[in-house]
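Structure, as structure tokens:
All chains are named by letter (A, B, ...) in the order of the sequence lines, taking the proteins before the strands, and each is independently numbered beginning at 1.
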Amino acid sequence: MNHRLLSSFFEHDVLEVAPQLLGKILVRKFDDGSIQKFLITEAEAYRGTEDLACHASKGRTARTEVMFGEGGRVYVYLIYGMYWMLNFVAGPEGDASAVLIRGLEGISGPGRVGKTLQLEKSFYGENLETSERIWLEDSGFSPDYSTSPRIGITYAGEPWISKPWRFVWKR
DNA sequence: GTAAGGATTGGC
DNA sequence: CCAATCCTTACT
């Protein structure tokens with residue numbers, strides 16, 4: 001029986017939390033009662049209001065509100081009118097950071113992650129410590145990983161474009 | 001109220 | 001290369 005990750009796991013700097021998520025188990029219990037588990041293989045860190053690539057840099061709005069709260073919450077948003085991006089809020093209350101889940105074992109791309117997990121707006125603000133439909137479990141190991149610049153954020157400009165805040169499981 | 005564009009993907 | 005498709009934000 002694996003141990004469910006608690007909010008305390010997320011209450012650290014997003015640059016520590018993001019790489020630690022690699023190799024963790026993402027559990028999704030669907031409406032029909034079936035359960036599927038996935039290993040997290042790729043994640044990106046978005047670090048607070050000063051990070052121009054982070055949505056929270058636009059200020060505290062209805063959309064970014066959850067990122068300003070405590071770690072361990074889910075932040076989802078629709079992109080290009082068709083893809084739900086899955087993020088986990090990191091850091092303490094007031095620190096608007098989050099980790100974007102870009103890939104799971106056998107699934108490449110954040111859009112496909114959201115599609116596979118059947119995410120939609122009701123997941124906004126979901127508490128990973130108490131949720132009955134999505135949570136994380138510790139797998140007991142930490143894979144080697146490589147870092148690289150984040151994808152699709154050229155609009156953020158330097159120095160944000162160059163930050164090596166994308167973490168990919170190296171196998 | 002209106003308009004622009006996006007942390008993407010898959011098809012041409 | 002570019003359309004799909006809709007929500008959030010910025011501006012009038």
Specify the separation, in whole Å, of atom CE of A:M85 and atom P of C:dC6. 15 Å
By a strict heavy-atom criterion of less than 4.0 Å, which residues belonging to residues 55-84 of chain A are in contact with DNA chain C? A:T61, A:R63, A:L78, A:Y80, A:G81, A:M82
What integer distance in Å separates A:Y155:OH from B:dT8:C1'? 13 Å
Distance check needed: B:dG6 C1' versus A:N87 CG, whole Å only. 14 Å
A:R166 and its side chain to side chain contact (heavy atoms under 4.5 Å, CB included) partner, picked from A:I151, A:I153, A:T147: A:I151
Is A:L100 touching bases, backbone alone, or none of the nucleic acid, heavy atoms closer than 4.0 Å? base
Kindly indicate whether the side chain of A:Y155, heavy atoms from C-beta on, has any atom under 4.5 Å from the side chain of A:L52. no
Does this structure show an ion pair linking A:D13 with A:R47, if we count only N-O contacts that are shorter than 4.0 Å? yes
Strictly by modelled atom types, are A:E158 and A:S162 linked by a side-chain donor-acceptor pair under 3.5 Å? yes
Minimum heavy-atom separation for A:F38 to A:T116, with atom names? CZ-CG2, 3.8 Å
P atom, B:dT2 versus C:dT5: distance in rounded Å? 23 Å
Side chain proximity check, A:I101 to A:F88, heavy atoms < 4.5 angstrom: yes
Quick test of your reading of the model: are A:K24 and A:E137 salt-bridged, counting only N-O distances below 4.0 Å? no
Atom-to-atom span, OH of A:Y46 to P of B:dG6 - whole angstrom: 13 Å
In which stems does DNA chain C show up, taking only runs of three or more Watson-Crick or G-U wobble pairs whose two distances fall under 3.5 Å? B:1-6 with C:6-11, B:8-11 with C:1-4
Measuring only between side-chain heavy atoms, which start at C-beta, is A:E105 closer than 4.5 Å to A:W169? no
Please state whether the phosphate of B:dA7, meaning OP1 or OP2, lies under 4.0 angstrom from any side-chain nitrogen or oxygen of A:R166. no
May I ask you to decide if the ring planes of A:H55 and A:Y77 are parallel, tilted or perpendicular, using 30° and 60° as cut-offs? perpendicular
Write down the distance between CZ (A:F167) and P (B:dA7), rounded to a whole number of angstrom. 19 Å
